[in-house]
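These notes are about the structure you will find just below.
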There are 2 protein chains.
Amino acid sequence: MSQNPPPRRRDSQATRAALLKAAGELFAERGYDRTTVRDIAARAGANQALLFRYFGTKEDLFNAVVAHRGMDLLHSGPVEQLPRRILEIFLAEPPEGGDHPIQAMLRSAVLGAESMALRKEMGRAYVRSLSELTEGPEAELRAELVLAWLVGIGFCRSVLGSDVLRAADADRVEAEVQRGISALLDLDAPVTPS
Amino acid sequence: MSQNPPPRRRDSQATRAALLKAAGELFAERGYDRTTVRDIAARAGANQALLFRYFGTKEDLFNAVVAHRGMDLLHSGPVEQLPRRILEIFLAEPPEGGDHPIQAMLRSAVLGAESMALRKEMGRAYVRSLSELTEGPEAELRAELVLAWLVGIGFCRSVLGSDVLRAADADRVEAEVQRGISALLDLDAPVTPS
DNA sequence: TTGGAAAGTAAGCGACTGCTTACATCTCTT
DNA sequence: AAGAGATGTAAGCAGTCGCTTACTTTCCAA
């Protein structure tokens with residue numbers, strides 16, 4: 001493919017990536033409003049003027065973060081395991097998976113129309129996938145409820161700081177959630193007996 | 001009791017209440033960071049200096065809002081109907097129930113230790129009540145998961161702006177959620193047949 | 001070697017933030 | 001009626017914010 005060019009002392013692609021990474025981490029840690037462009041540039045080891053040259057606006061940068069890695073999780077495995085994969089991100093101790101754009105979205109109430117549209121689109125994609133796990137006219141609503149559950153667990157755990165969820169073993173949580181999800185999705189199937 | 005004093009042209013209690021109400025509405029609409037003390041004072045029809053005289057700090061005012069009406073919902077009826085009552089707040093079209101402090105908390109990622117403690121305490125109170133609905137060693141975890149579900153629904157609906165949840169009939173949502181909750185809480189009981 | 005574009009930097013602008021201060025006005029008690 | 005405390009007001013301080021500008025340094029092709 002492309003031959004490796006010698007590493008440059010000045011590499012716009014590298015600093016762009018560094019800014020993107022730092023922004024993702026900080027947005028996930030503090031949320032949009034409490035993250036400063038100066039902080040982002042500092043963590044990236046770059047000048048803040050470059051942030052605006054490469055991304056235009058703080059909100060554009062936020063959207064870039066979300067769009068960049070937001071869909072990875074969705075396509076990183078079979079749909080049946082999607083709830084489990086989402087849970088793993090939310091229950092992991094930061095910063096292992098704590099800088100995921102989903103976490104950034106939980107902490108950010110960005111008002112801009114563009115950001116809202118991006119978030120809605122992502123939500124729809126997840127719901128569309130999850131709705132494959134059930135049938136019937138309520139399939140979409142049920143998929144939305146599953147997503148809402150996972151989101152709520154992440155929110156209570158990492159934003160509200162629930163001690164119960166923080167102390168609980170991830171496997172136990174997942175077992176309980178799986179029980180509820182199964183009951184919600186399987187119309188006639190019996191609840192999995194213990 | 002106390003005889004009605006004639007209405008004063010200057011009434012500190014009234015303006016205090018007006019500030020509290022305006023703050024509750026705005027925090028619920030925009031979240032903590034995007035709400036300005038000037039906005040609060042303007043909506044309350046008061047001078048912003050009074051806000052600091054009566055409440056000390058913007059964050060203290062936030063805590064006052066949460067503490068003032070935060071526990072009403074919990075004690076407004078029997079525990080069995082608590083999930084339904086929470087859902088009604090989250091699914092109501094604002095501003096009917098849209099200015100509830102719970103909604104304000106969903107939109108606010110306040111970092112102060114005092115606010116965090118207040119939120120945790122409220123969460124624990126709700127979990128303690130909800131855990132009466134089930135038994136066994138996992139009771140607390142299950143109660144937390146129920147609360148997380150309701151919170152997640154509210155978050156997806158009013159912060160992320162989910163179209164599915166916005167368009168769905170509240171009764172349908174509640175029926176589905178109730179099914180999942182029952183399965184989660186009742187260990188051996190069968191799922192309520194249709 | 002050199003010229004011009006790309007990459008990086010320093011400094012600051014204007015607006016807005018939470019909060020304070022110094023002051024005017026009202027209300028009630030004596 | 002008068003003094004004092006409660007209530008309301010106008011103005012501004014100091015700091016931070018997102019973003020821009022004018023500039024220097026590096027890189028690479030010709």
Side-chain angles (χ1 to χ4, degrees), chain A residues 2-20 22-23 26-27 29-65 104 107-115, chain B residues 2-23 26-27 29-65 104 108-115:
Chain A
S2 66
Q3 47 181 340
N4 281 3
R8 314 187 203 175
R9 318 207 332 195
R10 289 187 161 191
D11 189 339
S12 66
Q13 297 241 47
T15 61
R16 231 192 96 104
L19 284 167
L20 211 57
L26 285 167
F27 284 143
E29 289 172 18
R30 313 180 191 170
Y32 181 84
D33 286 321
R34 305 218 157 188
T35 299
T36 300
V37 293
R38 287 170 171 83
D39 292 338
I40 297 173
R43 181 173 295 198
N47 190 288
Q48 57 158 326
L50 296 176
L51 187 154
F52 294 97
R53 180 177 300 172
Y54 293 143
F55 298 97
T57 285
K58 183 191 178 188
E59 187 165 342
D60 288 342
L61 173 57
F62 181 83
N63 293 339
V65 166
R107 281 193 169 73
S108 307
V110 185
L111 299 176
E114 207 171 341
S115 303
Chain B
S2 67
Q3 48 180 338
N4 281 2
R8 313 185 203 175
R9 318 210 332 201
R10 286 188 164 190
D11 189 339
S12 67
Q13 296 242 48
T15 61
R16 229 192 97 105
L19 284 168
L20 211 57
K21 185 187 173 207
L26 285 168
F27 284 144
E29 290 172 16
R30 314 180 191 171
Y32 181 84
D33 285 321
R34 306 219 157 187
T35 298
T36 300
V37 294
R38 287 170 171 83
D39 292 337
I40 297 173
R43 181 173 294 197
N47 190 290
Q48 58 158 326
L50 297 176
L51 188 155
F52 293 97
R53 172 144 47 211
Y54 293 143
F55 297 96
T57 285
K58 182 191 176 188
E59 186 165 344
D60 288 342
L61 173 57
F62 181 82
N63 293 340
V65 166
S108 307
V110 186
L111 298 176
E114 208 171 340
S115 303

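Reminder, nothing fancy here: chain letters follow the sequence lines and each chain counts from 1.
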Value in whole Å for how far the [atom2] atom of [N] lies from [atom1] of [X]:
{"X": "A/Phe62", "N": "D/dC19", "atom1": "CZ", "atom2": "P", "answer": "14 Å"}
{"X": "B/Arg53", "N": "C/dT25", "atom1": "CZ", "atom2": "C1'", "answer": "12 Å"}
{"X": "B/Arg38", "N": "C/dT17", "atom1": "CZ", "atom2": "C1'", "answer": "7 Å"}
{"X": "B/Tyr54", "N": "C/dT20", "atom1": "OH", "atom2": "P", "answer": "16 Å"}
{"X": "B/Phe52", "N": "D/dG12", "atom1": "CZ", "atom2": "P", "answer": "18 Å"}
{"X": "B/Leu19", "N": "D/dT9", "atom1": "CG", "atom2": "C1'", "answer": "14 Å"}
{"X": "B/Arg34", "N": "C/dG18", "atom1": "CZ", "atom2": "P", "answer": "13 Å"}
{"X": "B/Asn47", "N": "C/dA24", "atom1": "CG", "atom2": "P", "answer": "15 Å"}

Can you identify which nucleotide, out of [options], has its nearest atom closest to the [X] side chain?
{"X": "A/Arg10", "options": "C/dG8, D/dC19, C/dC19", "answer": "C/dG8"}
{"X": "B/Arg9", "options": "C/dA7, D/dC19, C/dC26", "answer": "C/dC26"}
{"X": "B/Thr36", "options": "D/dA10, C/dG18, C/dA7", "answer": "C/dG18"}

Quiz item: So which one's nearest nucleotide on DNA chain D is more toward 5', B/Gly45 or A/Ala49?
Solution: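 So the residue in question is B/Gly45.
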Self-check item: D/dT7 phosphate, OP1 or OP2, under 4.0 Å from B/Ser12 side-chain N/O
Solution: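 Answer yes for this pair, as a side-chain N or O of B/Ser12 is under 4.0 Å from OP1 or OP2.
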Quiz item: Would you say D/dG18 has OP1 or OP2 under 4.0 Å from some side-chain N or O of A/Thr57?
Solution: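 False: A/Thr57 side-chain N/O out of range (4.0 Å or more) of D/dG18 OP1/OP2.
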Self-check item: Non-hydrogen atoms of A/Glu59 and A/Gly112 that approach each other most closely
Solution: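 So the two residues come closest at OE2-CA, 3.1 Å.
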Practice problem: Mind telling me whether A/Phe62 and A/Phe27 have parallel, tilted or perpendicular rings, with 30° and 60° as the class edges? | Solution: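 Perpendicular.
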Quiz item: Is there a side-chain contact between B/Phe52 and B/Thr57 (heavy atoms, below 4.5 Å)?
Solution: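 Sidechains of B/Thr57 and B/Phe52: no contact.
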Quiz item: Out of curiosity, A/Arg34 CZ to A/Glu29 CD, how far, rounded to the nearest 0.5 Å?
Solution: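 If I round to the nearest 0.5 Å, the distance is 14.0 Å.
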Practice problem: May I ask you to decide whether B/Arg30 forms a salt bridge with B/Asp39, counting only side-chain N to carboxylate O separations under 4.0 Å? | Solution: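 B/Asp39 and B/Arg30: salt-bridged.
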